[in-house]
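Quantities reported herein were computed from a predicted structural model and do not represent experimental measurements.
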Amino acid sequence: SLIMRHHAAILINNFKRIHGQLVLLLCDYFFLYLYIITYNMPIPDTSYRKCQKRLKMNGLAIYAGTFDPITLGHVDLIERAGKLFDQIVIAVAASEKKKTLFSLEERIAMSLEAVSHLPNVSVQGFDILTLDFAKNLGASIFIRGLRAVADFDYEFQLANMNRTLNPLIETVFLMPSEKYMFISSS
């Protein structure tokens with residue numbers, strides 16, 4: 001019990017710099033997890049519903065990438081993010097440095113089709129710095145997917161670079177469902 005409290009304190013201190021709602025989310029899930037493993041009991045439905053209501057974060061989030069092509073793993077992350085944020089823009093990068101299989105217009109069309117069932121998700125192409133694109137839209141949140149430790153290292157550096165260039169930008173990392181963990185479009 002003392003070790004659990006110590007780990008909870010470390011977790012909370014490490015995430016103090018993140019927005020208030022995200023800290024509440026992490027703490028809720030951490031203590032929910034502790035409850036499950038400590039008492040080996042299912043959590044009542046009402047607790048989950050209360051958490052879901054508090055989880056909704058206001059604002060516009062951007063999920064940027066080349067999406068060449070968009071995969072079920074991408075769609076899984078978009079669906080998860082759609083439950084967390086009011087509005088999500090799938091930002092399809094022109095990315096002239098990458099030799100893409102599909103043109104920008106084709107990637108936008110595929111993305112639109114893949115997320116057509118999600119009312120709070122839109123798709124836009126862009127050919128400028130992602131931070132500038134976010135500024136033009138008035139967004140302050142980037143959504144990024146993590147599948148493995150190697151992804152974390154790259155994404156951690158990218159998030160720190162974005163924060164250095166614009167301290168108002170936050171990056172939220174989501175993990176896909178286990179069945180999509182090893183899908184890659186590259």
Chemist: Using side-chain heavy atoms (C-beta onward) and a distance below 4.5 Å, is Asp68 in contact with Lys98?
Modeler: no
Chemist: Any side-chain heavy atom of Val75 sitting closer than 4.5 Å to one from Ile70?
Modeler: yes
Chemist: To the closest 0.5 Å, what do you measure between CD1 (Ile143) and CD1 (Ile88)?
Modeler: 4.5 Å
Chemist: Return the minimal non-hydrogen interatomic distance between Tyr63 and Gly145, and the atom names on each side.
Modeler: CE1-N, 4.4 Å
Chemist: Show the nearest heavy-atom pair for residues Ala134 and Ile62, with the distance to one decimal.
Modeler: CA-CD1, 3.4 Å
Chemist: Any idea which heavy atoms bring Ser111 and Val92 closest together, and the distance?
Modeler: OG-CG2, 3.9 Å
Chemist: Quick one: pull up CZ in Phe156 and CZ in Phe173 and give me the separation to the nearest 0.5 Å.
Modeler: 8.0 Å
Chemist: Quick check for you: to the nearest 0.5 Å, what is the distance between Glu170 atom CD and Ile141 atom CD1?
Modeler: 8.0 Å
Chemist: Do the rings of Phe126 and Phe133 sit parallel, tilted or perpendicular, given the 30° and 60° boundaries?
Modeler: parallel
Chemist: Do Met110 and Glu113 have side-chain heavy atoms sitting under 4.5 Å apart?
Modeler: no
Chemist: Run the side-chain contact (heavy atoms from CB on, under 4.5 Å) check on Phe85 and Asn120 step by step: do they pass?
Modeler: CA-CA 9 Å; Phe85 300 99; Asn120 63 333; 5.9 Å; no
Chemist: Does atom CD (Glu106) have a neighbourhood of more than 12 heavy atoms from anything else shown, all under 6.0 Å?
Modeler: yes
Chemist: If only atom types and distance count, is the side chain of Arg144 paired as donor or acceptor with the main-chain N or O of Ala64 below 3.5 Å?
Modeler: yes
Chemist: Is any side-chain heavy atom of Leu158 less than 4.5 Å from a side-chain heavy atom of Thr171?
Modeler: no
Chemist: Kindly give the heavy-atom pair with the smallest separation between Pro176 and Gly73, and that separation in Å.
Modeler: CB-O, 4.5 Å
Chemist: Would you say the side chain of His74 lies within less than 4.5 Å of the side chain of Ile90, judging by non-hydrogen atoms?
Modeler: no
Chemist: Rounded to the nearest 0.5 Å, what separation is found between the CG atom of Leu72 and the CG atom of Leu77?
Modeler: 11.5 Å
Chemist: Can you tell me how far the OG1 atom of Thr130 sits from the CE atom of Met161, to the nearest 0.5 Å?
Modeler: 12.5 Å
Chemist: Nearest 0.5 Å please: distance from the CG atom of Leu104 over to the OG1 atom of Thr66.
Modeler: 10.5 Å
Chemist: Testing the basics here: between Arg107 and Ala94, what is the closest heavy-atom pair and its distance to 0.1 Å?
Modeler: NH2-O, 3.5 Å
